[in-house]
Amino acid sequence: MIIDCHGHYTTTPPNVGAWREAQVAALDGGADPLDADYPVTDDEIRESIEGGQLRVQRERGIDMTLFSPRASWMGQHVGDQRTSLDWTRRQNDLVKRVCDLFPGRFVPVAQLPQSPGASLDASVAELRRCVEELGFVAANVNPDPSGGYWSGPGLGDRSWWPLWEAMQELDVPGMLHVSQAENPFFQTTGSYYLSADTTFFVQALSSGFLKDQPDLRLVIPHGGGAIPFHWGRFQGMSVREGWDFEGATERIFFDTCVYHQPGIDLLLDVVPTERILFGSEMLGAVRGDNPSTGSGWDDTGKYLEAADITPEQRAAVYEQNTRRVYPRLAAYLG
C-alpha cells in the first residue's frame with residue numbers, strides 16, 4: 001500500500017478563495033467578521049478532486065493521501081485570533097467533506113487557528129474538535145504564525161506546552177509547516193518553506209524540548225530543507241554544544257517531497273529509513289513535468305522506485321512508517 005503523508009486541498013472551488021478575500025477585505029474596512037459559510041456544493045468538491053488529486057493518485061498508484069487545507073492559505077498572520085478561528089474551522093470542515101465524499105482515498109489533517117501573540121488555547125480546542133468529533137489523524141502546526149517575521153517564541157518555549165501535551169494525549173503527530181510569507185524578504189514556497197524546515201530542526205536540537213515531551217512526534221516536510229545535506233554539521237554542533245542529537249531526532253520524521261533523484265538518494269542515504277515517510281505534496285508548490293524526464297516534478301514515487309534501497313525499506317517508507325507515526329490511521333485502514 002502507498003500512503004502519501006503530505007497532501008493539501010490546492011484545487012478548492014472558487015467560492016472558497018472568494019470568501020477569504022471578503023473576510024480580509026472586511027478586516028481592512030473595519031467591518032464585522034463574516035458569519036456566513038462559503039457556498040460550496042458536493043458536486044463542486046467532487047469535480048475539484050476527481051480532476052485533480054484523485055486523478056493523480058490513480059495515475060501514480062497512490063492508495064491514500066493525508067489531506068489538509070492548503071498550507072499557503074492558512075495565513076495565521078492575518079487579522080486576529082477570531083479571524084484565524086473563523087477561517088480555520090471552515091477550512092477543516094471543508095477537508096472533512098472531501099474525505100467523507102472520497103472514503104478510503106483521503107484522510108483529514110487539520111490546520112490550527114494560531115495567531116501572533118495569542119495563546120494556543122483556541123488551537124488546542126480546535127485540535128480536540130477535529131480529532132475527537134471529526135476523526136482527524138493529525139494537524140499541521142505553524143511554528144512561525146507571524147508570516148516570516150519570526151516574532152514569536154521558539155518551539156522550546158513553554159507557551160507551546162499545552163499544544164504538545166494535547167497532541168500526546170490524543171496520540172496525533174504534527175507536521176511543522178509554515179504558511180504564506182508576509183515578509184517580502186522571502187519567497188513563500190522556496191526560501192521561506194525550506195529555511196523554516198531547517199530552522200525548526202535546529203530549534204529542536206538546541207532547546208532540547210523533546211525530552212520533556214516523550215510521546216510527541218513531529219514531521220518536517222520537504223525532505224527537511226537543508227537538514228539531510230548538512231546532517232554532519234548538525235551532529236558536530238551537537239557534540240560541541242552538548243545537544244542530544246539522537247534523542248532529539250528519534251521522534252522527528254521527514255517526508256519525501258524532494259523533486260529530483262539525487263535529492264531523494266541523499267535523503268535515503270543520510271536519514272535512517274525508519275524516519276522517512278512517503279509524501280509528494282501533489283499539485284502543490286512544484287507542478288508540471290520535468291522536461292528532462294517527462295514525469296511530474298512531484299511524482300516522488302518514481303524517485304523512490306529508482307533509489308538503491310531494499311524492498312523492505314521501500315515498503316517501510318511507503319506505508320509502515322506512516323502507520324506507526326499516525327496511529328489513528330488504523331481506523332481508516334481496517
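The structure displayed is predicted, hence computed values, not measured ones.
For the atom pair CG (D269) and CD1 (I264), the distance works out to 12.5 Å, reported to the nearest 0.5 Å. The CD1 atom of I2 sits 9.5 Å away from atom CD of E319, with the distance rounded to the nearest 0.5 Å. Atom CG of L127 is separated from atom CD of E169 by 9.5 Å, given to the nearest 0.5 angstrom. Rounded to the nearest 0.5 Å, atoms CZ (F102) and CG (D100) are 11.0 Å apart. A distance of 12.5 Å separates CD1 of I49 from CD of E44, quoted to the nearest 0.5 Å. To the nearest 0.5 Å, atoms OG1 (T256) and CD1 (I276) are separated by 8.5 Å.
In terms of heavy-atom proximity, S48 sits nearest to Q53 at O-OE1, 4.0 Å. Of all the heavy atoms in G284 and T10, the pair that sits closest is CA-CG2, 4.4 Å. Across all non-hydrogen atoms, the minimal contact from I252 to A204 is CD1-CB, 4.0 Å. Annotation for S159 and P153: closest pair OG-CG, 3.4 Å, computed over non-hydrogen atoms. The minimum heavy-atom distance linking S119 with Q81 is given by the pair O-OE1, 3.5 Å. In plain terms, the two heavy atoms of V78 and V24 that are nearest each other are CG1-CG2, 4.0 Å.
Salt-bridge annotation for D308 and R314: absent, with no side-chain N of the basic residue lying under 4.0 Å from a carboxylate O of the acidic one. Ion pair D171/R217 flagged as a salt bridge, since at least one NZ, NE, NH1 or NH2 atom sits closer than 4.0 Å to an Asp/Glu carboxylate oxygen. At a threshold of 4.0 Å, the pair K96-D93 does not count as salt-bridged, since none of the basic side-chain nitrogens sits closer than that to a carboxylate oxygen. One finds no salt bridge joining E305 and K302 here, because no Lys/Arg side-chain nitrogen approaches an Asp/Glu carboxylate oxygen to under 4.0 Å. No salt bridge links R55 with E50; every basic N to acidic carboxylate O contact stays at or beyond 4.0 Å. Ion pairing of D244 with K211 is absent here, as no side-chain N (NZ or NE/NH1/NH2) approaches a carboxylate O to less than 4.0 Å.
The aromatic rings of Y192 and F186 sit tilted, their planes meeting at an angle between 30° and 60°. Relative orientation of the F106 and F67 rings is tilted, given thresholds of 30° and 60° on the angle between their planes. A tilted orientation is assigned to the rings of W87 and W73, their planes being inclined by 30° to 60°.
Defined by atom type and a distance below 3.5 Å, a donor-acceptor pair is present between the side-chain atoms of N142 and Q76. Donor-acceptor pairing under 3.5 Å is lacking for the side chains of Q114 and S123. Checking N321 against R324 by side-chain atom types alone, a donor-acceptor pair falls below 3.5 Å. Between the side chains of T12 and R70, no donor N or O sits under 3.5 Å from an acceptor N or O. Side-chain contact check for Y149 and D144: no donor-acceptor pair (N or O, by modelled atom type) lies under 3.5 Å. Side-chain contact check for S280 and D298: no donor-acceptor pair (N or O, by modelled atom type) lies under 3.5 Å. Side chains of R323 and Q320: no donor on one and acceptor on the other come within 3.5 Å. T65 and Q57 form a side-chain donor-acceptor contact under 3.5 Å, judged by distance and modelled atom types alone. S146 and E182 share no donor-acceptor pair across their side chains, judged by distance under 3.5 Å alone.
Summarising the local packing, CD of E250 is surrounded by more than 12 heavy atoms from other residues, nucleotides or ligands at distances under 6.0 Å. The local environment of CZ in R233 is sparse, with at most 12 non-hydrogen atoms from other residues, nucleotides or ligands closer than 6.0 Å. Within a 6.0 Å radius of CZ in F234, other residues, nucleotides and ligands contribute more than 12 heavy atoms.
Checked against the 6.0 Å centroid threshold, H177 and Y193 count as a close aromatic pair. Proximity of the aromatic rings of W297 and Y303 is defined here by a centroid distance below 6.0 angstrom, and this criterion is not met.
Both L176 and V131 belong to a single network of hydrophobic side chains, linked directly or stepwise wherever heavy atoms of I, L, V, M, F, W or Y lie under 4.5 Å apart. Follow the hydrophobic side-chain contacts under 4.5 Å out from I227 and you reach V141 in the same cluster. Side-chain heavy atoms closer than 4.5 Å link hydrophobic residues (I, L, V, M, F, W, Y) into clusters, and following such links, possibly through other members, connects L216 to W243. Using a 4.5 Å cut-off between side-chain heavy atoms of Ile, Leu, Val, Met, Phe, Trp and Tyr, with links allowed through other members, V219 and L210 fall into different hydrophobic clusters. Linking ILVMFWY side-chain heavy atoms closer than 4.5 Å, directly or via other members, places W164 and V202 in a single hydrophobic cluster.
Using a 4.5 Å heavy-atom threshold, the side chains of R89 and L85 count as touching. Under the 4.5 Å side-chain criterion, counting only non-hydrogen atoms from C-beta, D42 is in contact with L101. T300 is not listed as a side-chain neighbour of V258, based on a closest heavy-atom distance of 4.5 Å or more.
The backbone N or O of V40 sits less than 3.5 Å from a side-chain atom of R97, completing a donor-acceptor pair. Looking at S179, its side chain does come within 3.5 Å of a backbone N or O of A71 through a donor-acceptor pair. Under the 3.5 Å distance criterion, the side-chain polar atoms of T188 are matched with a main-chain donor or acceptor of A181. With D255 contributing its side chain and G223 its backbone, the two residues share a donor-acceptor pair below 3.5 Å. Q313 places no side-chain N or O within donor-acceptor distance of the main-chain N or O of T273, the cut-off being under 3.5 Å. Side-chain atoms of E281 never come within 3.5 Å of backbone atoms of H6 as a donor-acceptor pair (strictly under, hydrogens ignored). In this structure, S84 contributes its side chain and D80 its backbone to no donor-acceptor pair below 3.5 Å. Of the possible donor and acceptor atoms, one in the side chain of N15 sits under 3.5 Å from a partner among the backbone N and O of P39. Judged by distance alone, the side chain of E132 and the main-chain N or O of L134 form no donor-acceptor pair under 3.5 Å. Side chain of N183 to main chain of G148: a donor-acceptor pair is present (N/O by atom type, distance under 3.5 Å, no hydrogens or angles).
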(message) Go through it in stages, so that I can follow the logic: the residues are Q213 and M167, the test is side-chain contact (heavy atoms from CB on, under 4.5 Å), and I'd like the CA-CA distance, side-chain angles, deciding distance and then a yes or no.
(response) CA-CA 10 Å; Q213 313 295 337; M167 290 168 62; over 6 Å; no
(message) Applying side chain to side chain donor-acceptor pair (under 3.5 Å) to D86 and Q23, what does each step give before you reach the verdict?
(response) CA-CA 9 Å; D86 286 350; Q23 184 193 39; 4.7 Å; no
(message) Would E246 and R251 count as a salt bridge (Lys or Arg N to Asp or Glu O under 4.0 Å) here? Give the steps.
(response) CA-CA 9 Å; E246 284 302 321; R251 283 176 288 112; over 6 Å; no
(request) Test side chain to side chain donor-acceptor pair (under 3.5 Å) on T41 and D43 and set out the steps. (result) CA-CA 5 Å; T41 67; D43 284 344; 5.3 Å; no
(message) Under the criterion side-chain contact (heavy atoms from CB on, under 4.5 Å), I'd like the reasoning laid out for L304 against I309: C-alpha separation, chi angles, the key distance, then a yes or no.
(response) CA-CA 8 Å; L304 195 59; I309 57 176; 4.0 Å; yes
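Contacts of F136 classified as ring-ring contact (aromatic ring centres under 6.0 Å, His included), with partners at least two apart in sequence or in another chain: none.
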